[in-house]
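Below, all heavy atoms of this structure are taken into account, side chains as well, without hydrogens, waters or symmetry copies.
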Amino acid sequence: MGGFGLNGSDEEGIATRLWNKFKNERVSVLYSPFIICLASGTLNSQTFLHCISQDVYFLQAFAQAYELAEEYADDDEDKEAIIKLRKRVLKRLRNHDTIIHEWGFEPPKESACQTATVKYTEFLLETAAGKVGGEKFPGKIVTPFEKTKLAAYTLSAIAPCMRLYNFISKEILALMQPEENKHIYKKWLNSLSSEKFEASAGRIEVMLDKLSVSLTGEELEVVERLYHQAMKLELDFILTQSVVSHTIVPVSQLHNNAEENLIIFCDFDLTCTAIDSSALLAEIAIVAAGKADHSGSETEPSQTPSADIRTTWSNLFSQYIEEYEQCIEAIMPNEAVEGLDYEGLCKALEQISNFEKRVNSRVIDSNLLRGLSLSDIKRAGEHLTFQDGCKRFFKDLMKSETCATDFHVLSYCWCDDLIKSTFSSGDLCVPNIHSNCLVYEESISTGNMILNMESPMDKLRVFNNICKGSKNDSKPLTVYIGGSVGDLLSLLEADFGIVFNLSGSLMKLGSRFGISFVPLFSGLVNKQRELDESGCLNGKGSSGVLYTVSTTLL
């Protein structure tokens, strides 16, 4: 299993590196309707049988691809390894119906090859035939170098498929109790997570690692591209599986018609972005002061040198961190309570609110934000890095045609213009922004702010006002995505409160006030089980349950 990093070596092979590189994409498939229904045990059996009936077409393609790869293998050991892989595929193909019987189902009499299956199998066989990137290898492949390269390309188009199903099955089985036997798809899941299945996936990865050692950097890029394409095609296969029942995902389909509202709320700093906006604004102020230092202008005789500004900002941030930790410690209950103590949490967060207001006053009084150019702020926003998956999430959200979707950003950020430029530069629709605003004179900041959003109570007030002003009489479905103490009240109020990158301190504080943190995948699986036949979602109310994710996925 060395190719999958299970041999204790610090050196990863290419198979492991690529599997880890495309983590977000493989994790996203867990939140598809098919996988959520499969995990909950509510998936229609005919849907399941149609899906596994496609195995025949996949196995046939694998067998042909291995046969070609066997011809390419110049090393006897490599050839023997590929022969064994092909024999296992042929054996599974011969026993396909028997295996389905062992899982507790009657094999379908016939099943047409669906479009997503055709796309993958054609891609695999074209790759195995040497048609890589639209260019076919000229003439007969005779040199050991050409053979090794083609064998590596072929295995790179196979490797992610088995590993993906092994990953999915383990994620689902991890939600079950060891003694749970009522799940109708457990035998199938057990087969995909078995040592035998994992060993087969590992052998393919070991072979890919070995064959890739002699490849050039350009050829390794081809391996990566083929691996990624294979994974995307396999994900598309899963995503296109038809699910006949009502599903909890996507949440935009939980309402009955397109006129009813889904409202997405989101924090900005370190939820959408990879860095905190206050640090970015501080850097803009330091750079602006540095330009003034070098210009030698006498128009601003009171201009503070850039080195002094950097020191002052550093002291402010250090003071903030120290006092914030002290404040959190002061509001932390000695012992956890049973059930959500909402009133106690509100009283504790009042202290956080007072602290945040003092910090903002300190920044304004320091005059450190004076002299920032609006054009510099917008330019910085255009280059602000999003969290992995964030852009894709919002783009998919804006494409939704199933319901009317409102999107609001609620942020402590000091400058709403920074948020606007960040979203507009990402080819995204600019959301409704509820944040603080810098005051300008002729596009140059005065150092003052219009303070609209300073506390958890401010965020909750805006959240409730938006919900009350919804377009229809019916209560909108709400999702709030955040990751800080300031988001807690709004997270609890939303139908789906999703905590992004849960920190240890936030988990400790929330748990002391009776908040439960549940991984989003397991939470959605449980919700799917609870979803009634009409497809209506029972309101969460003040259950005190928040869902956690480590990537921006929904």
Colleague: Shortest non-hydrogen contact from Leu226 to Ser156?
Modeller: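 Taking Leu226 first and Ser156 second, the nearest heavy atoms are CB-OG, 3.4 Å.
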
Colleague: Would one find more than 12 heavy atoms of other residues, nucleotides or ligands at under 6.0 Å from atom NZ of Lys186?
Modeller: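 Correct, the count exceeds 12.
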
Colleague: Determine the minimum heavy-atom distance between Pro456 and Tyr412, stating which atoms define it.
Modeller: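 Result for this residue pair: N-OH, 2.9 Å.
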
Colleague: Looking at residues at least two apart in the chain, or sitting in another chain, which of them share a side chain to side chain donor-acceptor pair (under 3.5 Å) with Thr478?
Modeller: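 Partners of Thr478 by the side chain to side chain donor-acceptor pair (under 3.5 Å) criterion, ordered by chain and then number, come out as Asp495.
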
Colleague: Please, which pairs that meet salt bridge (charged side-chain N to carboxylate O under 4.0 Å, His left out) have at least one residue in residues 114-127, sequence neighbours excluded?
Modeller: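 Non-adjacent pairs meeting salt bridge (charged side-chain N to carboxylate O under 4.0 Å, His left out): zero.
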
Colleague: Distance-only criterion, 3.5 Å: show the donor-acceptor pairs between side-chain atoms of residues 83-92 and protein atoms not counting sequence neighbours.
Modeller:
unit_1 : atom_1 : unit_2 : atom_2 : d
Arg86  : NE     : Ala63  : O      : 3.2

Colleague: Spell out, as yes or no, whether a donor-acceptor pair under 3.5 Å connects the side chain of Arg26 to the backbone of Leu164.
Modeller: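 No; judged by distance alone, with no hydrogens or angles, the pair does not exist.
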
Colleague: Is it true that Asp388 and Lys23 make a salt bridge, defined as a side-chain N closer than 4.0 Å to a carboxylate O?
Modeller: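 Not counted as a salt bridge, because no side-chain N and carboxylate O are separated by less than 4.0 Å.
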
Colleague: Could you report the tightest heavy-atom contact between Ile36 and Val249, atom names first, then the distance?
Modeller: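 Shortest heavy-atom contact: CG1-CG2, 3.7 Å.
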
Colleague: Please give me the minimum heavy-atom distance between Val409 and Pro431, naming the atom from each residue.
Modeller: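 Of all heavy-atom pairs spanning Val409 and Pro431, the closest is CG2-CG, 3.6 Å.
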
Colleague: Could you tell me if the side chain of Val29 sits less than 4.5 Å from the side chain of Phe34, heavy atoms only?
Modeller: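 They are not in side-chain contact.
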
Colleague: Flag the pair Asp406 / Leu262 as yes when at least one side-chain heavy-atom distance between them is below 4.5 Å, and no otherwise.
Modeller: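 Sidechains of Leu262 and Asp406: no contact.
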
Colleague: Walk me through it: do Gln528 and Thr247 pass the test side-chain contact (heavy atoms from CB on, under 4.5 Å)?
Modeller: CA-CA 6 Å; Gln528 183 63 43; Thr247 59; 3.8 Å; yes

Colleague: Decide side chain to side chain donor-acceptor pair (under 3.5 Å) for Thr117 and Gln54; before the verdict, give the C-alpha distance in whole Å, the side-chain angles of both, and the deciding distance to 0.1 Å.
Modeller: CA-CA 7 Å; Thr117 307; Gln54 300 299 297; 2.8 Å; yes

Colleague: Trp103 versus Leu189: any side-chain heavy-atom pair under 4.5 Å?
Modeller: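 With C-beta onward as the side chain, the pair stays apart.
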
Colleague: So, for Asp236 and Thr240, which heavy atoms are closest and what is the spacing to 0.1 Å?
Modeller: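 So the minimum-distance heavy-atom pair works out to O-OG1, 2.8 Å.
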
Colleague: Could you measure the distance from the CG atom of Asn526 to the OH atom of Tyr547? Nearest 0.5 Å is fine.
Modeller: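 Output value for this atom pair is 8.0 Å.
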
Colleague: Taking all non-hydrogen atoms of both residues into account, name the closest pair between His50 and Ala112 and its distance.
Modeller: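 That closest heavy-atom pairing would be CE1-O, 4.3 Å.
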
Colleague: With a 4.5 Å limit on heavy-atom distance, are the side chains of Cys415 and Ile377 in contact?
Modeller: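 Yes, at least one pair of side-chain atoms sits under 4.5 Å.
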
Colleague: List in chain and number order the residues that pass side chain to side chain donor-acceptor pair (under 3.5 Å) with Tyr480, two or more places apart in sequence or in another chain; answer none if no residue qualifies.
Modeller: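 Testing Tyr480 for side chain to side chain donor-acceptor pair (under 3.5 Å), a comparison that skips the adjacent residues, returns Asp487.
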
Colleague: Could you check whether any side-chain N or O of Thr121 sits under 3.5 Å from a backbone N or O of Val118, counting only pairs where one atom can act as donor and the other as acceptor?
Modeller: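 Present.
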
Colleague: Does Asp276 use its side chain to pair, donor to acceptor, with the backbone of Asp269 at less than 3.5 Å?
Modeller: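 Between the backbone of Asp269 and the side chain of Asp276 there is no qualifying donor-acceptor contact (under 3.5 Å).
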
Colleague: Output, in order, the C-alpha distance, side-chain angles, deciding distance and verdict of salt bridge (charged side-chain N to carboxylate O under 4.0 Å, His left out) for Lys170 and Glu198.
Modeller: CA-CA 11 Å; Lys170 286 185 173 182; Glu198 186 164 357; 2.7 Å; yes

Colleague: Does the Asn20 side chain pair with the main chain of Thr16, one donor and one acceptor, at a distance under 3.5 Å?
Modeller: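 Checking the backbone N and O of Thr16 against the side chain of Asn20, a donor-acceptor pair under 3.5 Å is found.
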
Colleague: Output all residues satisfying salt bridge (charged side-chain N to carboxylate O under 4.0 Å, His left out) with Glu224, sequence neighbours left out; order by chain, then residue number.
Modeller: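 Residues passing salt bridge (charged side-chain N to carboxylate O under 4.0 Å, His left out) with Glu224: Lys21.
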
Colleague: Could you check if a side-chain atom of Leu215 sits within less than 4.5 angstrom of a side-chain atom of Ser212, using non-hydrogen atoms only?
Modeller: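 Sidechains of Ser212 and Leu215: in contact.
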
Colleague: Test of understanding: with salt bridge (charged side-chain N to carboxylate O under 4.0 Å, His left out), list the residues that count as partners of Glu77, not counting sequence neighbours.
Modeller: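 Partners of Glu77 by the salt bridge (charged side-chain N to carboxylate O under 4.0 Å, His left out) criterion, ordered by chain and then number, come out as Lys210.
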
Colleague: Measure the CZ-CE distance between Phe22 and Met231 for me, rounded to the nearest 0.5 Å.
Modeller: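 Here the interatomic distance stands at 7.5 Å.
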
Colleague: Ring centroids only, cut at 6.0 angstrom: are Phe423 and Phe394 within range, meaning strictly under it?
Modeller: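 Close enough - the centres of the two rings lie under 6.0 Å apart.
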
Colleague: Quick one: are Ile168 and Leu192 in side-chain contact, heavy atoms under 4.5 Å?
Modeller: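 No, their side chains stay 4.5 Å or more apart.
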
Colleague: Return the set of residues passing ring-ring contact (aromatic ring centres under 6.0 Å, His included) with His96 (not counting sequence neighbours), or none when no residue passes.
Modeller: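 His96 satisfies ring-ring contact (aromatic ring centres under 6.0 Å, His included) with no other residue.
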
Colleague: Check whether His183 reaches the backbone of Ala39 with its side chain - one donor and one acceptor, N or O, closer than 3.5 Å.
Modeller: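 Yes, because the side chain of His183 sits within donor-acceptor range (under 3.5 Å) of the backbone of Ala39.
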
Colleague: For the pair Asp267 and Leu410, evaluate side-chain contact (heavy atoms from CB on, under 4.5 Å) and give the outcome as yes or no after the intermediate values.
Modeller: CA-CA 5 Å; Asp267 185 28; Leu410 278 58; over 6 Å; no

Colleague: Could you tell me whether a side-chain N or O of Glu382 sits under 3.5 Å from a main-chain N or O of Ser424, the two making a donor and an acceptor?
Modeller: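 Answer holds: no.
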
Colleague: Who are the ring-ring contact (aromatic ring centres under 6.0 Å, His included) partners of Phe237, not counting sequence neighbours?
Modeller: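 Result, ring-ring contact (aromatic ring centres under 6.0 Å, His included) vs Phe237: Phe58.
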
Colleague: So, Gln114 versus Tyr57: side-chain donor-acceptor pair below 3.5 Å or not?
Modeller: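 The answer is no; no qualifying pair exists.
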
Colleague: Just by distance, do the side chain of Thr47 and the backbone of Val243 share a donor-acceptor pair under 3.5 Å?
Modeller: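 Judged by distance alone, no pair lies under 3.5 Å.
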
Colleague: Which residues pass the salt bridge (charged side-chain N to carboxylate O under 4.0 Å, His left out) test with Lys420, sequence neighbours left out?
Modeller: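 By the salt bridge (charged side-chain N to carboxylate O under 4.0 Å, His left out) rule, Lys420 matches Asp416.
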
Colleague: Quick one: does Asp75's side chain have a donor or acceptor within less than 3.5 Å of a partner on Asp78's backbone?
Modeller: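 Yes: the side chain of Asp75 pairs with the backbone of Asp78.
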
Colleague: Any chance you could measure Arg225, atom CZ, to Leu18, atom CG, to the nearest 0.5 Å?
Modeller: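 Reported value, rounded in 0.5 Å steps: 12.5 Å.
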
Colleague: Return the CD to CG distance between Gln60 and Asp55, rounded to the nearest 0.5 Å.
Modeller: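 CG of Asp55 is found 11.0 Å from CD of Gln60.
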
Colleague: Mind running side-chain contact (heavy atoms from CB on, under 4.5 Å) on Ser516 and Leu546 for me, showing each step along the way?
Modeller: CA-CA 6 Å; Ser516 298; Leu546 299 180; over 6 Å; no

Colleague: Test of understanding: with salt bridge (charged side-chain N to carboxylate O under 4.0 Å, His left out), list the residues that count as partners of Glu25, not counting sequence neighbours.
Modeller: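 Listed in chain order: nothing, the list is empty.
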
Colleague: If I take atom CG from residue Leu30 and atom CD from residue Glu171, how far apart are they, to the nearest 0.5 angstrom?
Modeller: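 CD of Glu171 is found 5.5 Å from CG of Leu30.
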
Colleague: Is a side-chain N or O of Gln387 found less than 3.5 angstrom from the main chain of Thr273, in a donor-acceptor match?
Modeller: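 Side chain of Gln387 to backbone of Thr273: a pair is present.
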
Colleague: Listed by chain and number, what are the ring-ring contact (aromatic ring centres under 6.0 Å, His included) partners of Phe105, not counting sequence neighbours?
Modeller: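 Phe48, Tyr185.
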
Colleague: Please answer whether the main-chain N or O of Cys413 pairs with a side-chain N or O of Ser435 as donor and acceptor at a distance below 3.5 Å.
Modeller: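 Here the side-chain-to-backbone pair exists.
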
Colleague: If you define the side chain from C-beta out and look only at heavy atoms, does anything of Cys272 sit under 4.5 Å from Cys266?
Modeller: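 Counting from C-beta outward, Cys272 and Cys266 do come under 4.5 Å.
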
Colleague: Can you tell me how far apart CG (Leu418) and CG (Leu281) are? Round to the nearest 0.5 Å.
Modeller: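 Rounded to the nearest 0.5 Å, the CG-CG separation comes out at 5.5 Å.
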
Colleague: I'd like to check Ile498 versus Thr548 (side-chain heavy atoms, cut-off strictly below 4.5 Å). Are they in contact?
Modeller: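 Result no, sub-4.5 Å side-chain heavy-atom pair not found.
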
Colleague: Taking only residues two or more places apart in sequence, or in another chain, which ones meet Phe197 in a ring-ring contact (aromatic ring centres under 6.0 Å, His included)?
Modeller: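 If we apply the ring-ring contact (aromatic ring centres under 6.0 Å, His included) test to Phe197, skipping adjacent residues, there are no hits.
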
Colleague: So Ile100 and Ile52, side-chain contact (heavy atoms from CB on, under 4.5 Å) or not? Walk me through it.
Modeller: CA-CA 9 Å; Ile100 293 176; Ile52 62 175; 4.0 Å; yes

